[in-house]
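Inspection log for the structure reproduced underneath, given as structure tokens.
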Amino acid sequence: MSEFLNELNEAQRAAVVNTEGPSLVIAGAGSGKTRVLTYRIAWLLSQGVSPSNILALTFTNKAAREMKERIARLVGDKYARYLWMGTFHSVFSKILRQESARIDYGHDYTIYDSTDSKSVIKQIVKEMGLDEKQYKPGMIASRISMAKNNLLSPVDYAGNRALIEDDKRARLYRMQDIYFAYNKRLKQANAMDFDDLLFNMNLLLEQNEDLREKYSSIFRYILVDEYQDTNYCQSRIVKQLAEPLNNICVVGDDAQSIYSFRGANIDNILGFRNMFGGAQLFKLERNYRSTQNIVDAANSLIKKNEGQIRKNVYSEKEAGERLHVSAHENDRHEGEFIAKTIQQGKRSGKAQYDGFAVLYRTNAQSRVIEDELRKLGIPYRIYGSVSFYQRKEIKDAIAYFRLVVNPSDDEALLRVINFPARGIGETTMRRVLDTAHRADVPAFAVVSDPQRYALESAAAAQKKLTGFAALINSFREQAQTEDAYVFAQNVLKQTAVMSAALADKSAEGQDRYDNLQELLGSIHEFSDARRQQGEETKITDFLAEVSLLTDQDEHLDDETPRVSLMTIHAAKGLEFPVVIIAGLEEQLFPSAFAESVREIEEERRLFYVAITRAERECYITYARQRFRNGQIVFSSPSRFLKDIDEQYLDRSGEKRTIVQPQWQPSWLQSEWRREPEERPMPAATRKLSKTTGMQPSADKKPIETAFAAGSRVRHATFGDGTVRETFEENGNEKIVVRFDTKGEKTLLLKFAKLERL
DNA sequence: TGTCTCATTTTTTTT
DNA sequence: AAATGAGACA
């Protein structure tokens with residue numbers, strides 16, 4: 001039964017069989033972390049522990065799924081199926097649904113995603129009459145999130161001197177009030193945001209001794225993956241669940257902690273042995289993934305960080321090639337290089353396409369690379385950009401389901417009340433919301449019965465509202481009786497969502513229709529899968545799952561091996577024979593936002609993660625200029641390149657290519673990152689006026705702008721045919737300055753293909 | 001109300 | 001470049 005233990009090395013085996021009491025497994029990159037977790041679970045099962053007594057928490061859905069599959073392969077699906085395995089969020093959300101009454105929530109609570117949250121915040125800021133420029137929803141949302149991650153309720157927040165001081169410094173004096181109102185609003189909508197799932201889970205355990213006992217007796221063995229990425233709240237929950245047996249095993253690598261922006265606290269892993277006295281420590285230091293050069297290079301990099309748990313990661317594979325660093329003239333050339341490298345690598349048999357991964361710091365970098373891959377006909381797959389469930393039409397469709405199941409869900413209501421158009425406009429909705437908030441009721445209540453809440457709207461508008469309410473209400477019964485798929489089909493048909501998409505003959509309309517069909521298909525699939533396990537599926541079951549799906553495998557049917565493109569964050573836990581890391585430039589990687597040493601160190605860990613994804617070869621690229629936010633910016637090589645010992649690098653690729661721009665318009669750099677108040681005249685206008693010698697139009701209307709760096713001024717062509725100056729860029733594109741004669745006296749700059757002068 | 005146009009702003013990573 | 005916001009106009 002347990003001969004599989006032979007497949008482990010000594011350190012791994014020790015970590016696997018030491019099941020009683022707390023243990024901390026520090027697992028260097030590529031040292032078989034997942035292996036230890038899966039084998040530990042398999043081992044527990046082989047010792048007669050029931051799968052329903054094991055709780056395994058992971059960071060992503062994908063990790064959970066893969067681990068489950070691996071366990072099923074070891075011990076059979078009939079055990080694996082009953083394991084409690086999933087992300088923190090999904091497991092806790094299931095428990096919270098079960099126990100929702102205890103925290104005074106309805107069973108069918110909605111989970112608000114970050115878009116919903118920001119929208120709520122925006123409304124609150126507006127209603128409080130605050131400046132939206134000052135109180136940016138994203139900023140507010142992240143502060144609230146941090147508070148929740150640290151278990152601070154609005155009341156705690158208001159009582160926290162440090163936070164209040166900090167808010168003052170950021171000129172967010174009403175922060176605490178917004179937090180308070182935000183939570184109230186969510187409660188009213190019977191909704192939780194991502195952080196509430198954790199916050200409330202902790203609350204549930206803290207306030208109910210019986211539940212604490214119930215769940216800690218169910219979860220007799222607890223395993224936590226990626227422990228370095230957990231936040232304070234998560235660690236408290238785990239602590240409560242683990243007691244009194246404390247059969248808890250956490251696995252992680254402090255060197256790979258890259259989620260502090262999400263509240264992850266590296267102290268959790270560093271302080272684990274304080275929280276759980278007598279915890280055993282296991283160190284996995286042998287890397288099975290990468291060649292020595294790669295491991296050594298990564299080690300030399302991470303050594304530049306302070307405050308690590310000492311460990312000595314080593315590889316016993318061959319030395320392998322050095323890491324190839326190359327410089328490129330601009331982002332397009334960089335993309336071209338990447339595509340060619342992959343093409344050649346494939347031809348010379350280094351790997352199939354799916355053996356290559358291109359990693360980058362930001363999603364925005366993927367586009368150019370995609371373009372170049374496509375030019376060479378290389379199949380690729382992008383992970384994690386706009387996921388299927390984030391598309392507008394899908395969110396709209398789901399909002400209908402949400403609203404039917406949970407009529408208090410104001411965000412869902414707002415999304416769909418005028419989609420497809422029903423003649424219910426902004427003004428009406430403004431009034432509805434005002435009325436609802438004043439009466440402390442969900443918006444849907446006002447929509448259903450405007451009279452009762454004395455809504456000040458025209459009779460015609462009121463009729464439209466009640467009509468909409470009737471439509472939604474007519475679905476309510478079906479939601480409870482019908483199968484999810486049948487229900488979804490009905491709703492999309494009767495609300496005309498489907499027909500609206502079908503009527504749209506544009507390419508995007510076609511796409512939208514296909515996507516809706518695909519959504520129906522996936523509901524169908526979901527329902528079928530559950531039927532095979534003997535469970536009926538209602539739409540609420542689907543909703544409970546879908547809101548926590550993010551990267552969800554948009555199951556590609558074809559089996560074509562594809563190159564993977566993703567952010568480094570998304571690449572954590574994966575490995576590829578050949579890894580290409582793009583955009584190693586200051587202001588990009590490390591990100592321009594990383595200022596403090598702490599933040600820089602996190603960026604460095606990110607680079608460490610990127611390098612250690614590679615099994616055999618690693619390419620690192622950077623560009624001298626890059627198109628960013630509609631402007632060309634100049635960049636210098638990342639400081640991180642200097643952090644790797646020279647002996648592991650092959651820097652020959654840096655010498656060939658460099659072309660410094662011959663002529664650089666001085667304003668290109670000086671305009672970058674200038675504060676708005678220092679700009680008396682719109683920058684674009686000034687630029688143009690400077691270059692052309694023309695005066696800006698009287699009303700100082702800004703002008704669309706696009707000057708290429710490294711361009712050479714020749715003459716310009718104006719709309720009326722006069723030629724003054726042209727900008728030639730590296731022989732490929734030119735920019736013509738035009739004088740737009742129709743309408744306002746505005747100046748326009750346009751790109752045009754270059755006919756050689 | 002809804003649609004179009006023009007201007008401004010955005011800057012990371014994600015359960 | 002792309003998304004958001006404001007204002008004009010039908």
Side-chain angles (χ1 to χ4, degrees), chain A residues 57-64 86-93 111-115 117 122 132-133 136-138 141-142 145 149 192-198 226 229-231 233-234 258-264 359-365 367-368 383-387 390 392 418 421-429 458 460-461 464 547-552 566-572 583 587-594 599 602-603 605-606 609-610 627-633 672-673 676 679 682-685 699-706 740 743-744 746 748 751:
Chain A
L57 297 168
T58 62
F59 211 61
T60 63
N61 295 306
K62 202 165 86 194
T87 61
F88 279 86
H89 293 83
S90 72
V91 170
F92 296 162
S93 122
I111 298 170
Y112 273 7
D113 67 13
S114 30
T115 320
S117 299
K122 208 163 159 189
E132 284 172 72
K133 295 266 150 59
K136 290 190 187 147
S142 91
S145 172
N149 290 158
M192 297 192 202
D193 63 19
F194 286 135
D195 303 309
D196 285 335
L197 295 174
L198 307 177
E226 309 279 15
D229 286 327
T230 55
N231 58 40
C233 177
Q234 286 166 320
I258 54 175
Y259 278 100
S260 73
F261 70 93
R262 224 172 76 186
L359 309 182
Y360 34 78
R361 178 69 240 267
T362 68
N363 280 309
Q365 289 167 256
R367 242 189 97 141
V368 197
Y383 290 81
S385 49
V386 241
S387 97
Q390 292 296 317
K392 185 181 174 302
N418 204 26
R422 294 190 177 83
I424 302 171
E426 214 173 316
T427 329
T428 310
M429 282 320 291
K464 284 175 188 160
S547 32
L548 291 171
L549 294 184
T550 41
D551 63 329
Q552 188 60 0
M566 64 188 100
T567 64
I568 301 168
H569 283 89
K572 193 159 77 150
Q587 310 281 35
L588 180 63
F589 196 6
S591 149
F593 293 98
E599 290 165 316
E602 174 144 327
E603 297 279 316
R605 289 195 293 269
L606 195 55
V609 169
F627 207 53
R628 279 231 267 170
N629 304 316
Q631 281 215 313
I632 287 167
V633 297
W672 171 241
R673 279 192 158 271
R679 235 191 299 178
T685 312
D699 57 356
K700 289 190 210 154
K701 270 200 174 166
I703 289 147
E704 185 186 329
T705 171
D740 186 9
E744 295 290 322
T746 50
L748 284 177
F751 280 101

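Note on naming: letters A, B, ... go to the chains in the order of the sequence lines (proteins, then strands), and numbering restarts at 1 for each one. This structure is a prediction, so every number in the text was calculated from the model and none was measured.
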Practice task
Between B:dT1, C:dA1, B:dT14, spot the one nearest the side chain of A:Phe627, thanks.
Solution key: C:dA1
Fill in the blank from the handout: By nearest-heavy-atom nucleotide on DNA chain B, the more 5' of A:Ile424 and A:Glu602 is A:Ile424
Problem - Which nucleotide in B:dT15, B:dT14, B:dT12 has an atom nearest any side-chain atom of A:Thr362 - result: B:dT12
Fill in the blank from the handout: Of B:dT14, B:dT1, B:dT12, the nucleotide closest to the side chain of A:Thr567 is B:dT14
Fill in the blank from the handout: Of the candidates C:dG5, B:dT15, B:dT13, the side chain of A:Lys122 sits closest to C:dG5
Practice task
Report yes if a donor N or O on one partner sits less than 3.5 Å from an acceptor N or O on the other, where the partners are the side chain of A:Arg361 and the base of B:dT13; otherwise report no.
Solution key: yes
Completion exercise
Between the CG atom in A:Leu548 and the OG atom in A:Ser90, the distance rounded to the nearest 0.5 Å is 6.5 Å
Exercise for the section: Identify which nucleotide among C:dA2, B:dT15, B:dT13 has an atom closest to any side-chain atom of A:Phe194, counting heavy atoms from C-beta outward. Expected result: B:dT15
Exercise for the section: Quick one: label A:Lys572 by what it contacts on the DNA or RNA (base, sugar-phosphate, nothing), any heavy atom closer than 4.0 Å. Expected result: nothing
Practice task
Would you check if the side chain of A:Asp195 reaches a backbone N or O of A:Asn149 as a donor-acceptor pair within less than 3.5 Å?
Solution key: no
Exercise for the section: Can you tell me, in whole Å, how much space there is between the P of B:dT13 and that of C:dT4? Expected result: 15 Å
Exercise for the section: Check the geometry between A:Phe593 and B:dT12 and answer yes if their rings are stacked (centres below 5.5 Å, planes below 30°), otherwise no. Expected result: yes
Exercise for the section: Could you tell me whether the side chain of A:Tyr112 and the main chain of A:Phe194 form a donor-acceptor pair under 3.5 Å? Expected result: no
Handout entry: P spacing across the pair C:dG5 / B:dT12, given as an integer number of angstrom
Key = 16 Å
Problem - Whether A:Phe88 stacks on the six-membered ring of B:dT15 base, 5.5 Å and 30° limits - result: no
Problem - Out of B:dT1, B:dT12, B:dT13, whichever nucleotide has its closest atom nearest the side chain of A:Ser591 - result: B:dT12
Completion exercise
Testing B:dT15, C:dG5, B:dG2 for proximity to the side chain of A:Thr87, the answer is B:dT15
Practice task
Hey, which sits more toward the 5' end of DNA chain B by its nearest nucleotide, A:Glu603 or A:Ala461?
Solution key: A:Ala461
Exercise for the section: Could you tell me whether A:Asn231 contacts a base, only the sugar-phosphate backbone, or nothing, with contacts defined as non-hydrogen atoms closer than 4.0 Å? Expected result: nothing
Problem - Cation-pi geometry met for A:Lys572 and A:Tyr259 (6.0 Å, 45°) - result: no
